[in-house]
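One structure is given here, and the rest of the page talks about it.
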Amino acid sequence: MLERKISTTAFSLSSGILTALHLGGLALLAVLGYGGGVVNLVGELLPGYDISGAGIFLGMTWGFIIGSVYGGVFAFFYNKMK
């Protein structure tokens, strides 16, 4: 049986990008009036993340860092299990 491994780098980067886009989209929805409470709640965990231009940028930066780390760790352990 052919064992497939995933690229740790590619998975890490894609996870980071998707998490950053998710947090950015959530903040943009809050600007439109939807989900402001969720942004405030997540902002308690991520310093600087709020409903403003700089806050959205900081949230997306945090999202990229956190998503990349968790994606890389997941891919590493996934490949070790194979």
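Excluded from the calculations below are hydrogen atoms, water molecules and symmetry mates; all remaining heavy atoms, backbone and side chain alike, are included.
Going from atom CE of Met60 over to atom CD1 of Ile17 covers 10.0 Å, rounded to the nearest 0.5 Å. Atom-to-atom distance recorded for Leu46:CG and Leu58:CG is 9.5 Å, nearest 0.5 angstrom. Considering NZ of Lys5 and OH of Tyr78, their distance stands at 10.0 Å, rounded to 0.5 Å. In this structure, CG in Leu21 is found 9.0 Å from OG1 in Thr19, a value given to the nearest 0.5 Å. Taken from CG in Leu23 to CG in Leu18, the straight-line distance is 11.5 Å, to the nearest 0.5 Å. Summarising the geometry, atom CZ belonging to Phe64 is positioned 7.0 Å from atom OG belonging to Ser12; distances are rounded to the nearest 0.5 Å.
No donor-acceptor pair closer than 3.5 Å links the side chain of Asp50 to the backbone N or O of Val39. Trp62 contributes a side-chain N or O that, together with a main-chain N or O of Pro47, makes up a donor-acceptor pair within less than 3.5 Å.
The nearest pair of heavy atoms linking Ala27 to Ile56 is CB-CG1, 3.4 Å. Shown here for Ser15 and Gly67, the closest heavy-atom pair between the two residues is CB-O, 3.3 Å. Of all heavy-atom pairs between Ile51 and Gly36, the closest is CD1-CA, 4.1 Å.
The side-chain heavy atoms of Tyr49 and Leu26, taken from C-beta on, include a pair separated by under 4.5 Å.
Note on Ile66 and Phe76: separate hydrophobic clusters, where clusters join Ile, Leu, Val, Met, Phe, Trp and Tyr whose side-chain heavy atoms are under 4.5 Å apart, directly or indirectly. Residues Val73 and Ile6 fall into different hydrophobic clusters, defined by Ile, Leu, Val, Met, Phe, Trp and Tyr side chains chained together at heavy-atom separations under 4.5 Å.
Heavy-atom contacts from other residues, nucleotides or ligands closer than 6.0 Å to CZ of Phe57 number 12 or fewer.
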